[in-house]
2 protein chains.
Amino acid sequence: MKKQTGIHLPTHRPLTTVDVVIFTVKEDQLQVLLVQRGSADQEPFPGCWALPGGFVNVAQDATLLDCALRKLHEKTGVQAPYLEQVGSWGGAGRDPRGWSATHVYFALVPWQEVQAAAHTNVSDAQWFAAEKCITMKLAFDHHELFQATLERLRSKVEYTSLPAFLLPEPFTLPQLQHMYEVVLGRPVDKSGFRTRMLAAEFLQEVGTVQSDAPRAPMGYRLQHREAPVYFPRTFSPRGAK
Amino acid sequence: MKKQTGIHLPTHRPLTTVDVVIFTVKEDQLQVLLVQRGSADQEPFPGCWALPGGFVNVAQDATLLDCALRKLHEKTGVQAPYLEQVGSWGGAGRDPRGWSATHVYFALVPWQEVQAAAHTNVSDAQWFAAEKCITMKLAFDHHELFQATLERLRSKVEYTSLPAFLLPEPFTLPQLQHMYEVVLGRPVDKSGFRTRMLAAEFLQEVGTVQSDAPRAPMGYRLQHREAPVYFPRTFSPRGAK
DNA sequence: TCAATAGTGTCTATCAGACAATATTTG
DNA sequence: CAAATATTGTCTGATAGACACTATTGA
């Protein structure tokens, strides 16, 4: 229909942003980092809680992933966590400043690393329980982004080793099981859990580890920190439909 | 359009595009629609095959999905197929014209609908076998986009009803099984297939249907055309790891 | 009655889930 | 040895896959 002759670059370009849903498990709860928007004039949603994110900086970010890593580091001080793209949302109506498209990532960060970074002094950032977050009004369409991301996380935890990225190494199987239980919000059978984890062959024994437990548990590390392992089946209690 | 009230909007905005991987099954093969890029001066990758796509038009497209539907319709004449987002790719290096981010979708279209649209006269568009396409050099990073999309499709077909969107209604179970076999590239057991499909309760009987078969098979329709059904498990032959 | 395809039955190895038992360490 | 937690063992119901069988129709 329209044949391009010569260079035709669009005169009106959408705004391009990246938003990151940063998860951690703190105090036996799945928690999410939100930032409070400034109150400067004309800023949309002033004072409102929002997902950490912002405009892609074409001078600074070589890729979208780099941009997400930058946002993450700015807000948490954490360097190399697990980061995965959820998808993108774009349209004319989602930002009052104009047609915009955002690329959404989620990150899994061990709480201990966040503490170590001691960067949480970012005054406008705060951790919220995921359940709480669901009920909050967020800036832009961030409620929708967050809901989709939480669903993605929960469903993927059913058949992957993702929760391992919420723990500092070395970790023990009971600790890992606890991460699963927190994210899934339900208890998981001990025995089945162990056989499943060991069968997946993504853990490396690294010697027993000190803990407050009477019996010293085995410590493990991940063989590959880049990507999670996919289990052949889903966790599913007998009664589940 | 953009109100300048001293707000700091980025002066350099990335290019925003949408690319669509359009799949169909034609002649017992999974095929993909590619378009040949024009040879006008200064156009990048002149004469090269590429995924159908292009810039978001902020005046025309209300959302990214609308933009994808538009691209799809322009190239095939098809109106409402199955469309799903794969993800987004963005960076400084992927388009010589500047920092760009593309939003990738894939579509499943029954071949019969493409024929009916009789729109295939789009001279610069052509269907290629997916296997062939993998070996081709494509414009931009489209090879990577296509590969990721094909992987997504194949893996998702293992546990969803996606192949149903490759058939016009009403269709028969043997026909549906054939779609699975073509996409997965391996035979599927008849009996297990049938029980799985019927157990998933996403099909509606609509009476037996004429075919070239000696015995008239039952015809089915989808109960919901919006989204596929997720099976509790994956297809997996005994020997599979 | 045969050919060809649609559809059903059945057997079995596998295995996840449930629960119970045992091992190990500290006080 | 008691308490607490880590780790292993066993039983069983469910089921996916393999394969063989029956059903239906037209020539």
Side-chain angles (χ1 to χ4, degrees), chain A residues 28 157-161 164 167 170-181 184-201 203-221 229-241, chain B residues 28 157-161 167 170-182 184-201 203-221 229-241:
Chain A
D28 297 346
V157 163
E158 297 275 359
Y159 58 91
T160 68
S161 64
L167 286 170
F171 53 82
T172 71
L173 284 180
Q175 283 173 337
L176 184 56
Q177 182 179 346
H178 187 240
M179 289 298 112
Y180 274 88
E181 293 178 330
L184 293 177
R186 66 163 192 264
V188 167
D189 181 80
K190 208 176 11 173
S191 173
F193 179 79
R194 299 179 131 267
T195 35
R196 164 176 287 213
M197 291 305 133
L198 297 176
E201 293 184 321
L203 296 173
Q204 231 172 6
E205 292 195 359
V206 46
T208 56
V209 98
Q210 287 285 45
S211 77
D212 50 351
R215 174 174 174 183
M218 178 59 69
Y220 293 90
R221 291 182 43 195
V229 162
Y230 289 70
F231 307 133
R233 303 174 126 164
T234 239
F235 282 102
S236 51
R238 280 262 183 268
K241 158 67 188 172
Chain B
D28 297 344
V157 164
E158 296 275 359
Y159 58 91
T160 68
S161 64
L167 285 171
F171 53 82
T172 71
L173 283 180
Q175 284 172 338
L176 183 56
Q177 182 178 348
H178 187 240
M179 289 298 112
Y180 274 89
E181 292 177 331
V182 166
L184 293 177
R186 66 164 192 264
V188 168
D189 180 81
K190 200 178 18 170
S191 172
F193 179 80
R194 298 176 71 89
T195 34
R196 166 175 284 213
M197 291 305 134
L198 297 177
E201 294 185 319
L203 296 174
Q204 234 173 4
E205 294 194 358
V206 307
T208 56
V209 100
Q210 288 283 49
S211 77
D212 50 350
R215 172 175 174 182
M218 177 59 68
Y220 294 89
R221 292 180 44 193
V229 162
Y230 288 69
F231 306 134
R233 303 173 127 165
T234 238
F235 282 103
S236 50
R238 280 260 185 265
K241 161 66 186 172

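Lettering of chains follows the sequences in order, A, B, ..., and the numbering in each one begins at 1.
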How do A:Q210 and B:P174 order along DNA chain C: which one's closest nucleotide is nearer the 5' end?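 Final value for this comparison: B:P174.
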Using side-chain heavy atoms (C-beta onward) and a distance below 4.5 Å, is B:Y180 in contact with B:R186?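 When only atoms from C-beta onward are counted, B:R186 and B:Y180 do not touch, as no gap falls below 4.5 Å.
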Any non-hydrogen side-chain atom of A:V209 less than 4.5 Å from a side-chain atom of A:M218?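 Heavy-atom side-chain distance check fails, nothing below 4.5 Å.
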Could you state the atom-to-atom distance from [atom1] of [X] to [atom2] of [N] in whole Å?
| X | N | atom1 | atom2 | answer |
| --- | --- | --- | --- | --- |
| A:R194 | D:dA6 | CZ | C1' | 6 Å |
| A:L173 | D:dT7 | CG | P | 6 Å |
| B:F193 | C:dT8 | CZ | P | 14 Å |
| B:L176 | C:dG7 | CG | P | 12 Å |
| B:K190 | D:dC21 | NZ | P | 13 Å |
| A:R215 | C:dA21 | CZ | P | 17 Å |
| B:E205 | C:dG7 | CD | P | 9 Å |
| B:D189 | C:dC11 | CG | C1' | 13 Å |

Give me the bend of the helix from C:dT1-D:dA27 to C:dG27-D:dC1, using the axes of the five pairs at each end, rounded to 10°.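 For the helix from C:dT1-D:dA27 to C:dG27-D:dC1, the axes at opposite ends meet at about 20°.
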What distance separates B:R221 CZ from B:E205 CD, expressed to the nearest 0.5 Å?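 Reported value, rounded in 0.5 Å steps: 13.0 Å.
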Aromatic centroids of B:Y220 and B:F171 separated by under 6.0 Å: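 So the answer is no for these two rings.
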How would you label the contact of B:S191 with the nucleic acid (heavy atoms, under 4.0 Å): base, sugar-phosphate, or nothing?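 Answer is base: heavy atoms of B:S191 come under 4.0 Å of a base.
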Under 4.0 angstrom between B:T195 side-chain N/O and D:dT15 OP1 or OP2: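 Result: no.
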